[in-house]
Amino acid sequence: MATQFRRIGVLTSGGDSPGMNAALRAVTRAAIDKGVEVVGIYEGYKGLVHPQLKRFTDRDVSNILSRGGTILYSNRCLEFKEEEGMQKAIATCRENNIDGIVAIGGDGTFRGATDLSVRGIPTIGIPGTIDNDITSTEYSIGFDTAVNTAVEMIDRLRDTCESHARCNVVEIMGRNAGWISLEAGIAVGASAIILNEVEFDEDKTIAQIMKAKKNGKRNFIVCIAEGVPATVGDKLYSEKFAKRFEEKTGIETKFVRLAHVLRGGAPTMRDRLIAAQMGSEAVRLLLEGKSNLVVGMRDEKIISTEIGYALKLDRMYKGKITEEELASLTPEQISEMRAYCDKRTEDLRKMYSLVAELSH
Ligand code: F6P
């Protein structure tokens, strides 16, 4: 089984996330443990198109478990999306005896993994993005750290809000997904959370906040997900909301944007633990002869999903699945996917309902 694998490559691609190093360490150590050599591929798929490789020993991944960022660096490589770039990447694998790849990143990374898999380089994906926006998995590495960083930052804002009886409107990174805003917002007791995933009524929210103010509340936190401004077609939506809020309520309001700061820092215990589990699983699958799968988590258990299916599931959840894609699925698959998407939406909405229930 393992004998057919002389060497595997590992790369990190797309936006970095805390815990990518922990996953890289797990992949490297798990492979070496099975007698397979490991090559680190630098700067994502770019390191395959323009070879930047380094043979990794156990020691090359020592002391990186607790480090943020990725020691392999990351890149969003446009050249790799073209057939010519792809062929260069395949040639790099062949010339360097790379028999399989583990790719750590988000959905763009997994599309690249499929491209390699169908061209004969078995590839397994590991979800690594702070956004937690990969529908096939309930968890992606880096999310817990990002949420905890957001909570720490907002707790600090709240201290000063309380002293000065102010409001802080906080825009929070997460691309189009509101998970970081939602979980951090609940954890800091935000007065309001604005996400793409749930309809929002500004007047109702303001009325609720004024009620809380009358009830003696002095500090107010409003979390807005990064994707909301893009969805409403106004890049300055969050800043403008802060101004409008101040005008309508008379509460002095400051605006803060929590962006790339959420992508850095030492990974939390949860991110390290899940990175260890997913890294080990990815190697196990690869050495078992599996390919074109993305590792994930459901009900706290490590699972794996075929990447094509995972990407369709993602588009279904985001309302972007095409008729052609639906036609490629069986009725059983479609109803299973719909049920899963509905459950994810329901879970999000249930959590969201806590805001109104607890914020007064
Ligand atoms: O996907 C991770 C992420 O940090 C998103 O939350 C954000 O929208 C995007 O990447 C930012 O990308 P960049 O680092 O290229 O500015």
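The residues of the chain are indexed from 1 along the displayed sequence. As the structure is a prediction and not an experimental result, all values here were calculated from the model. For ligands, and for the atoms within them, numbers begin at 1 and follow the listed sequence.
The closest side-chain donor-acceptor pair between T253 and K243, if any, does not fall under 3.5 angstrom.
With respect to atom 6 (O) of ligand 1, the closest heavy atom belonging to the protein is D131 OD1, 2.7 Å. What sits closest to atom 7 (C) of ligand 1 on the protein, heavy atoms only, is E226 OE1, 3.6 Å. Protein heavy atom closest to atom 9 (C) of ligand 1, with residue, atom name and distance, is R175 NH2, 3.7 Å. For atom 15 (O) of ligand 1, the closest non-hydrogen atom of the protein is R76 NH1, 2.6 Å. For atom 3 (C) of ligand 1, the closest heavy atom belonging to the protein is R263 NH1, 3.4 Å.
Distances below 4.0 Å separate heavy atoms of M173 from the following atoms of ligand 1: 4 (O), 5 (C), 6 (O), 7 (C), 11 (C). Atom numbering of ligand 1 starts at 1 in the shown order; those under 4.0 Å from a heavy atom of G174 are 6 (O). Against a heavy-atom cut-off of under 4.0 Å, H260 is close to the following atoms of ligand 1: 13 (P), 14 (O), 16 (O).
The shortest heavy-atom contact between I71 and Y42 is O-CE2, 3.5 Å. Among all heavy-atom pairs drawn from I141 and A275, the shortest one is CD1-CA, 3.6 Å.
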Inset, instruction - Show your working on salt bridge (charged side-chain N to carboxylate O under 4.0 Å, His left out) between D203 and K248 and close with a plain yes or no. - result: CA-CA 9 Å; D203 291 334; K248 287 187 183 172; 3.6 Å; yes
Inset, instruction - Start with the C-alpha gap between T305 and S136, add the side-chain angles, then the distance that decides, and say whether side-chain hydrogen bond (donor to acceptor under 3.5 Å, both in side chains) holds. - result: CA-CA 7 Å; T305 313; S136 63; 4.6 Å; no
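For the pairing with L48, the side chain to side chain contact (heavy atoms under 4.5 Å, CB included) check across T92, N96, I121 returns one residue only, T92.
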